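Values in this document were obtained by computation on a predicted structure and should not be read as measured data.
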Amino acid sequence: MESASREDSEMNPTRNDLPLETRQRVVELLNARLADAIDLARQAKQAHWNVKGPNFIALHELFDEVHTEALGFIDLIAERAVALGGYAEGASATVAQRTTLPPAPAGIQAGSAHVEALSATLASFAASVRKAESLAGELGDAGTADLFTEVSRGVDQRLWMVEAHLVEA
């Protein structure tokens, strides 16, 4: 049986001057988006491995780029949680429990199906990141709000690139 999450326990000591309650709430927010970012990375890699069709190489490479960028988001989000005195909760079981992203469809191969699925996942992640950005600002943590702004810009760009494959020539 899994014990209570670390976010329910004491924070690690830090000289960060944000109030403890703010840091606790922001760490919860960061860990929620961390689960989504990890799920996004795995879904992009799943598409990368399984895509088939006439646009194989372009999509194979694009999905790998989405994966690589998602890994950067993961690091930013996790390290911010730890910098605030929290604990980055990125274990597979935790991610599976907490992700809010639509699940990757099983058994698809066609490039168009992967583009549809990954664009829905990117759009969902972008929306949750924008909400997190707003909430971090309301909580008085401009640094975390700025981090989410950076992630949002990157996700929007990747969404644009993936959605460009939805239009047939």
Compare every heavy atom of Asp39 with every heavy atom of Val95, then report the nearest pair and how far apart it is. CG1-N, 4.1 Å
Just verifying a value: how many Å separate Asp75 CG and Leu34 CG, rounded to the nearest 0.5 Å? 9.5 Å
With Ser112, which residues qualify under side-chain hydrogen bond (donor to acceptor under 3.5 Å, both in side chains), at least two apart? none
Non-hydrogen atoms of Glu163 and Ser119 that approach each other most closely: CG-CB, 3.9 Å
Can you check whether Ile108's main-chain N or O pairs, donor with acceptor, with His114's side chain at less than 3.5 Å? yes
Is there a path from Ile57 to Val115 through hydrophobic residues (I, L, V, M, F, W, Y) whose side chains come within less than 4.5 Å of each other? yes
Restricting to non-hydrogen atoms, name the atom on Arg33 and the atom on Phe148 that form the minimum distance, rounded to 0.1 Å. CG-CE2, 3.7 Å
Look at the side chain of His60 and the backbone N and O of His48, then say whether any donor-acceptor pair between them is shorter than 3.5 Å. yes
Indicate, with yes or no, if Phe63 and Leu166 share a hydrophobic cluster defined by side-chain heavy-atom contacts under 4.5 Å among Ile, Leu, Val, Met, Phe, Trp and Tyr. yes
Hey, are Glu89 and Thr94 close enough side-chain-wise for a donor-acceptor pair under 3.5 Å? no
In Å and rounded to the nearest 0.5 Å, what is the CG to CG distance from Leu147 to Leu30? 7.0 Å
With sequence neighbours left out, the residues meeting ring pair (Phe, Tyr, Trp, His ring centres under 6.0 Å) with His165 are none
From Leu122 CG over to Met161 CE, what is the distance, rounded to the nearest 0.5 angstrom? 11.5 Å
Restricting to non-hydrogen atoms, name the atom on Leu29 and the atom on Ala132 that form the minimum distance, rounded to 0.1 Å. CD2-O, 3.4 Å
Is Arg42 close to Gln46 at the side-chain level, that is, under 4.5 Å between some pair of heavy atoms? no
Sidechain-backbone polar pair: Ser124 side chain, Thr121 backbone, donor-acceptor under 3.5 Å: no
Can a donor-acceptor pair be found, under 3.5 Å and without considering hydrogens, that links the side chain of Asp36 to the backbone of Thr100? yes
Taking every heavy atom of Pro105 against every heavy atom of Ala117, the minimum-distance pair comes out as CD-CB, 3.6 Å
From CD (Glu69) to CG (Asp64), nearest 0.5 Å: 12.5 Å
Would you check if the side chain of Asn31 reaches a backbone N or O of Tyr87 as a donor-acceptor pair within less than 3.5 Å? yes
Could you tell me if the side chain of Gln109 sits less than 4.5 Å from the side chain of Val51, heavy atoms only? no
What distance do Ser128 atom OG and Leu135 atom CG have between them, rounded to the nearest 0.5 Å? 12.0 Å
Around atom NZ of Lys52, are there more than 12 heavy atoms of other residues, nucleotides or ligands at under 6.0 Å? yes
May I ask you to decide whether Arg130 forms a salt bridge with Asp156, counting only side-chain N to carboxylate O separations under 4.0 Å? yes
Does the side chain of Thr149 come under 3.5 Å of the side chain of Glu133 through a donor N or O and an acceptor N or O? yes
Would you say that Leu118 contacts Leu40 through its side chain, given a criterion of any heavy-atom pair below 4.5 Å between the two side chains? yes
Would you kindly say whether Thr22 and Asp141 are connected by a side-chain donor-acceptor distance under 3.5 Å? no
Answer with yes or no whether the hydrophobic clustering places Val82 together with Ile38; edges join I, L, V, M, F, W, Y residues whose side-chain heavy atoms lie under 4.5 Å apart. no
I would like to know whether Phe73 and Val155 meet side chain to side chain contact (heavy atoms under 4.5 Å, CB included); could you show each step before the answer? CA-CA 9 Å; Phe73 302 152; Val155 174; 3.4 Å; yes
Where do Ala44 and His67 come nearest, in terms of heavy atoms and distance? CB-N, 3.7 Å
Step-by-step side chain to side chain contact (heavy atoms under 4.5 Å, CB included) determination, Leu84 to Thr144: CA-CA 10 Å; Leu84 293 176; Thr144 300; 3.9 Å; yes
